[in-house]
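The structure under discussion is supplied below as structure tokens; questions concerning it will follow.
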There are 2 protein chains.
Amino acid sequence: MSKNKVISPFKPASHKHQDCLRAAIVAAKNHCDAVGIRLTPIRQRVLELIWQDHEPVKAYDILDKLKQSKSSSAPPTVYRALEFLQDEGLVHKIESLNAYVGCSDPKNIHKGQFFICHDCSFVAELDDGEIRHLLQKKAKRFGFEINDEMVEIKGYCQECRGLKE
Amino acid sequence: MSKNKVISPFKPASHKHQDCLRAAIVAAKNHCDAVGIRLTPIRQRVLELIWQDHEPVKAYDILDKLKQSKSSSAPPTVYRALEFLQDEGLVHKIESLNAYVGCSDPKNIHKGQFFICHDCSFVAELDDGEIRHLLQKKAKRFGFEINDEMVEIKGYCQECRGLKE
DNA sequence: ATTCTAGATGTTATATTATAACATAACATT
DNA sequence: AATGTTATGTTATAATATAACATCTAGAAT
């Protein structure tokens, strides 16, 4: 069963990001309700901060912003929230950047494939069956059983390439 | 031009690793000679420490070992050597582990695809044109121009799977 | 409604990973 | 030997992440 989803496409800088943010929070609430877990104020706030944009966000940048409204915040505050959000598929860690991005498709827990623009830092996410299938095929050749995968591709998005001309 | 190489296959735990180590050092010397750069004693020592095994090695573990023979060693000693070795394609960083593995194919600088066993930590490396090509194809669909890629797959190698029965 | 409890947060400390900045040494060319 | 370049030494600190234990609180069980 090999789904081929564009979880989060590149969007023009001009897109109405309020809608992305709002949708992500609604999806998160629905997911947590459905699963019977708590999207506490801290967790929701961290998720909102991550969704400020489509760029990966660093843990200590989240912390700085959290502190502005909640002075009791400390590194564990952020890392705990991040752990929760990652476990629930609401956030992915970009390993090559030590940074975190929101995921708009929490229901179905997965490890996506990420395309990250060097210029604007936008992260697009796929959950692509064809890629997974090819990796499976390669692994199978030497008897390797996959259980986790990280695919992070960097380069230049269409919009930024246009600007360079 | 799409090469399909197995840079570093899984090998049985029983393989004669001395040969891997020796070959890697010879290849490194040849490469540096050919390019006209210096594989200094520190750099060579770091490379040897990384090639102690096929497992990814952490920077501070390298540092601890370096110190045993060279007490002046400090973090920059290691990170500089690692930077040199990475630039020359002699070492890759595994981003998801913050650890480093040797590469036996320095001539042709590339970013490989890594398969990492959870049990024995062995890292196998491919430089696979088919994978690269598929990622290119996916990227092209939304006008993305790739210039760097990270593919790190975790799971269980054949040998370790056999042991679990 | 009260008690209980698991889960969430607060707090302090520290581990781990990596780089900045400047001083000195080694080496290669003239 | 004088010079410029590359490599190393040294000190300090930045950036990322976790351990350990105390306290609180929302919601379940009674």
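Reckoned from all heavy atoms, side chains included, excluding hydrogens, waters and symmetry mates. Everything numeric here is computed off the predicted structure, so don't read it as measured data. Proteins get letters first, then strands, A, B, ... in listed order; numbering begins at 1 in each.
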N/O donor-acceptor pair under 3.5 Å between A/Gln113 side chain and A/Asp128 backbone:
yes
Rounded to whole Å, CG of A/Asp61 lies from P of D/dA17 at a distance of 12 Å
Between C1' of C/dG10 and CG of A/Leu66, the distance in whole Å
13 Å
Between A/Lys70 (NZ) and C/dG10 (P), how many Å, whole number?
3 Å
In this structure, CG of B/Leu47 is separated from OH of B/Tyr100 (nearest 0.5 Å) by 14.5 Å
Under 3.5 Å donor-acceptor pair, A/Arg80 side-chain atoms to C/dG7 base atoms:
no
Do A/Arg38 side-chain and D/dG27 base share a donor-acceptor contact under 3.5 Å?
no
Rounded to whole Å, the CD-P distance (B/Gln44 to D/dT8) equals 12 Å
B/His54 (side chain) donor-acceptor with B/Pro9 (main chain) under 3.5 angstrom
no
Take the protein atom CD1 of B/Ile42 and the nucleotide atom C1' of D/dT10, then report the distance between them rounded to whole Å.
13 Å
Could you tell me how far apart A/Glu83 (CD) and D/dT18 (P) are, to the nearest whole angstrom?
8 Å
Under 4.0 Å between a side-chain N/O of B/Thr40 and OP1 or OP2 of D/dA7, yes or no?
no
Could you tell me whether A/Arg43 contacts a base, only the sugar-phosphate backbone, or nothing, with contacts defined as non-hydrogen atoms closer than 4.0 Å?
sugar-phosphate
Short question: side chain of A/Arg43, backbone of A/Phe84 - any donor-acceptor pair under 3.5 Å?
no
Expressed in angstrom and rounded to an integer, what is the separation of A/Leu39 atom CG from C/dA8 atom P?
11 Å
Taking only N/O atoms, report every protein-nucleotides 11-16 of chain D pair under 3.5 Å with atom names and distance.
| unit_1 | atom_1 | unit_2 | atom_2 | d |
| --- | --- | --- | --- | --- |
| D/dT16 | OP1 | A/Lys58 | NZ | 2.5 |

Integer-rounded Å distance: C/dT9 P and A/Lys67 NZ:
17 Å
Check against side chain to side chain donor-acceptor pair (under 3.5 Å), B/Thr77 and B/Lys70
CA-CA 10 Å; B/Thr77 316; B/Lys70 208 154 186 302; over 6 Å; no
For atom NZ of B/Lys93, decide whether the heavy atoms of other residues, nucleotides or ligands shown that lie under 6.0 angstrom number more than 12.
yes
Whether the side chain of A/Asn4 engages the backbone of A/Gly129 through a donor-acceptor N/O pair (distance < 3.5 Å, no angle test) should be reported.
yes
